[in-house]
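In what follows, a structure is listed as structure tokens, so that the remarks can point back to it.
Per chain, numbering begins at 1; letters A, B, ... match sequence-line order.
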Amino acid sequence: MKLSKSFGKTVREAPADADMISHQLLIRANFIRSTGAGIYTFMPFGYRVIRKIWAIMSDEMDKINGQELWMPNLHPAPLWQATGRWDSVDVLFKLKTGSREYALSATHEEIVVDLALREISSYRDMPQMIYHISKKFRDERRARGGLIRLREFVMKDAYSLDVNEAALDEYYPEMVQAYFNIFERCGVTVTAVNADSGNMGGTASQEFVVIHEQGEDSFIACDNCDYAANVEAASFVREGEKPSQLNELVKVLTPNCKTIAQVAAFIGVETSQTNKAVFYWWTMPGKEENGRFVFGLTRGDLDINETKLRNALGGGELRAATEEEIIAISATPGYASPIGLNVAKDFEDDGVLVIADPSIEAGGNFVVGANDHEYHFTGANYPRDFAITTMADIAQAETGHHCPQCDGRITAHRAIEAGHCFKLGTRYSEAVEATFLDENGRPQPIFMGSYGIGLDRLLAIIVEEHHDKNGIIWPAEVAPYDIHLLHIGKDEEVLETAVSLYTDLQKAGFDVLYDDRNARPGFKFKDADLIGLPWRVTVGKRGLAEGNVEVKKRDADERQLIPVGQLIQFLIDNR
RNA sequence: CGGGGCAUGGCGCAGUUUGGCAGCGCGCUUCGCUGGGGGCGAAGAGGCCGUGGGUUCAAAUCCCGCUGCCCCGACCA
């Protein structure tokens, strides 16, 4: 490609509101252009990188017996209604035309399970793994970070179909390894962590995360062992002992102490010597009218993780309870505890659902609300002084907590989610009765797995990890071109040499970007650094007088003079 | 969806406080000089000041509504 003919051009300044480095550099270097919030055009350079990543993914998927196909992006509504996700997936783009309704492809489980229903009839038809690379559309409430969170994006999604859970369990690690291979070939350092499977449903999932302070995800990793998990799935040891002697329950006046920090300071104890109550209104999907009050209880120094709480409840939606709802269960906002409330004995019982974190037993003689305005109790102990409905791990893991696997401490990291693997099990196949006949002629549900990586996000992550103050530094396998060729000055011999190198390098199998513009050298060098191809070859009068051209790797400081005749062999040797 | 910010030529910005000719840098066109890290000079093109209403002799500037974009949070397959 001759730079003088390429579509679009590099710009000196990125839009001021581009916050992430990848966003700034990709715009400046003419890889992407914004078309709307969370909607981008891939310019020719950017699209070449997408195709390079695409090739890596196809290669790794094919190696584990994947078959690439191409599924549609317009999904008839009945397919999504059949799995129940037409109503439960709130980022789904829906279209209506006449009497027909469609969803834009937010993901492709519905299409796959529909295909499986038609194509898989016997255990002999499995195992299968199919995948494709195509557009996804999600009505994100807030697109952000350039290519990090988009409304329209490109995803590689793969789906495995197996006869039973054991077969899925056996295949799953191959996919995880393929994921590590993909990320490694793209030059990205990932950590695999156990994660919550969220709306996807299923039995297990792993997230591939890249540590990044501007990431929107966070995960927990042990400083000492290999324990790692998304905060929504991370556990930790509740440190603290029950006191040997239980104090008496005493009601004390605590004026203006509505927060844990205030009451702890007023009484003169650590926040870990208190209990924290958080109130939610919980609704199961499709049963909005049958909402229930949920009382979440943890030790005062810990926070409730809503996803963990939701999982403890078996799903559904949570929102903060209103003051009226709190008063309606006879609790006092700011001074609440389960003491004196009609606590449900179990989920069937009508009382108040109290979900408590085990941390309320790691300690004792707590300060808790007295359900009376401006009063707290001291010396509160479970189960002596109050009942709960159930105990569950609902507290958020934080930096400094004790690792659940070893003696180490855990640290919370901000991260970008680069990929996700789910063991879906029979969540989708049962919804549409996608079954097959086993060896005994009995119908069995298909066991599915689904595995996704966002290509645009991955491209952005590559830039986040591979750049310097001058521009992008593309890893060789994903670079849009191999060589940035440029000439300096107007000297006839220089021009002729550059033009013939342009042809010869391409004949030797290299992808070459030739800066043939009549521009000053500094200008060309700045552009070369910005675009960030692995090799820069400079033809100038000075070097050529000695029969040399200058070769520089983008990520190295030193330049080498190579005789023109040996350039191709040099580049092949150093590929 | 809650909070905050921004909207002036392709990009980056000034001008808005205190209403009175729409400006600067980069980029673009033409010409000349220059030629190893975004060079210099000269002459040009390009803007309904996001949008709808209002106040006023007069609105980029003041008032009200709307839209778009960015950031934080919530949510997230």
Rounded to whole Å, the CZ-C1' distance (A/F525 to B/G37) equals 7 Å

Below 4.0 angstrom from OP1 or OP2 of B/G35, is there any side-chain N or O of A/R517?
no

Scanning all shown strands, the Watson-Crick or wobble mate of B/C24 with both distances under 3.5 Å is B/G12

Considering every strand shown, what is the Watson-Crick or G-U wobble mate of B/G41 when both distances are under 3.5 Å?
B/C31

At less than 3.5 Å, do the side-chain atoms of A/K490 and the base atoms of B/G35 form a donor-acceptor pair?
yes

With A/R141 via salt bridge (Lys or Arg N to Asp or Glu O under 4.0 Å) - residues at least two apart:
A/D90

Partner set under salt bridge (Lys or Arg N to Asp or Glu O under 4.0 Å) for A/K9, not counting sequence neighbours:
none

Distance, P atom - from B/C11 to B/G5, rounded to whole angstrom
24 Å

Note: contacts of residues 411-419 of chain A with RNA chain B (heavy atom, under 4.0 Å) are A/R414

Determine which nucleotide pairs with B/U51, using a 3.5 Å limit on both distances of a Watson-Crick or G-U wobble pair.
B/G65

Closest of B/G37, B/C70, B/G36 to the A/D529 side chain is B/G37

Check every atom of B/G27, B/G36, B/C75 against the side chain of A/I488 and return the nucleotide holding the closest atom.
B/G36

side-chain N/O A/R144 vs B/C72 OP1/OP2, d < 4.0 Å
yes

Output every pair passing salt bridge (charged side-chain N to carboxylate O under 4.0 Å, His left out) with a member in residues 445-462 of chain A, not counting sequence neighbours, ordered by first then second residue.
A/E216-A/R457

Does the B/G37 base have a donor-acceptor partner in the side chain of A/R559 within less than 3.5 Å?
yes

On a plain distance test, is the side chain of A/D527 in donor-acceptor contact with the base of B/G37 below 3.5 Å?
no

My understanding is that only residues two or more places apart in sequence, or in another chain, count here; which of them pass salt bridge (Lys or Arg N to Asp or Glu O under 4.0 Å) with A/R517?
A/D515, A/D527

Searching all strands shown, indicate the nucleotide that pairs with B/G73 (Watson-Crick or G-U wobble; both distances under 3.5 Å).
B/C1

In whole angstroms, the gap separating C1' of B/U34 from CG of A/N518 amounts to 11 Å

Listed by chain and number, what are the salt bridge (Lys or Arg N to Asp or Glu O under 4.0 Å) partners of A/E417, not counting sequence neighbours?
none

The ring pair (Phe, Tyr, Trp, His ring centres under 6.0 Å) partners of A/F219 (sequence neighbours excluded) come to A/H413

Base contacts versus sugar-phosphate-only contacts with protein, heavy atoms under 4.0 Å: please encode nucleotides 11-16 of chain B as B, S and - from 5' to 3'.
SSS---

Whole-Å distance, A/F7 CZ to B/G10 C1', equals 12 Å

A/P521 has its side chain closest, among B/C71, B/G36, B/C75, to B/G36

Rounded to whole Å, please give me the gap between CG in A/D139 and P in B/A74.
19 Å

Pair of N/O donor and acceptor under 3.5 Å linking B/G37 base with A/N470 side chain
no

Decide yes or no, distance alone: a donor-acceptor N/O pair under 3.5 angstrom between the base of B/G37 and the side-chain of A/R536.
yes

Among pairs that include at least one residue of residues 9-40 of chain A, which meet ring-ring contact (aromatic ring centres under 6.0 Å, His included), considering only residues two or more places apart or in two chains?
A/H23-A/Y40, A/F31-A/F45, A/F31-A/W474

Is a salt bridge present between A/D468 and A/R554, judged by a nitrogen-to-oxygen distance below 4.0 Å?
yes

Can you find a donor-acceptor N/O pair under 3.5 angstrom joining the side chain of A/R141 to the base of B/G73?
no

Look at A/R142 and B/C72 and indicate whether a side-chain polar atom (N or O) is within less than 4.0 Å of OP1 or OP2.
yes

Return yes if some donor-acceptor pair links the side-chain N/O of A/R414 with the main-chain N/O of A/G215 below 3.5 Å, else return no.
yes

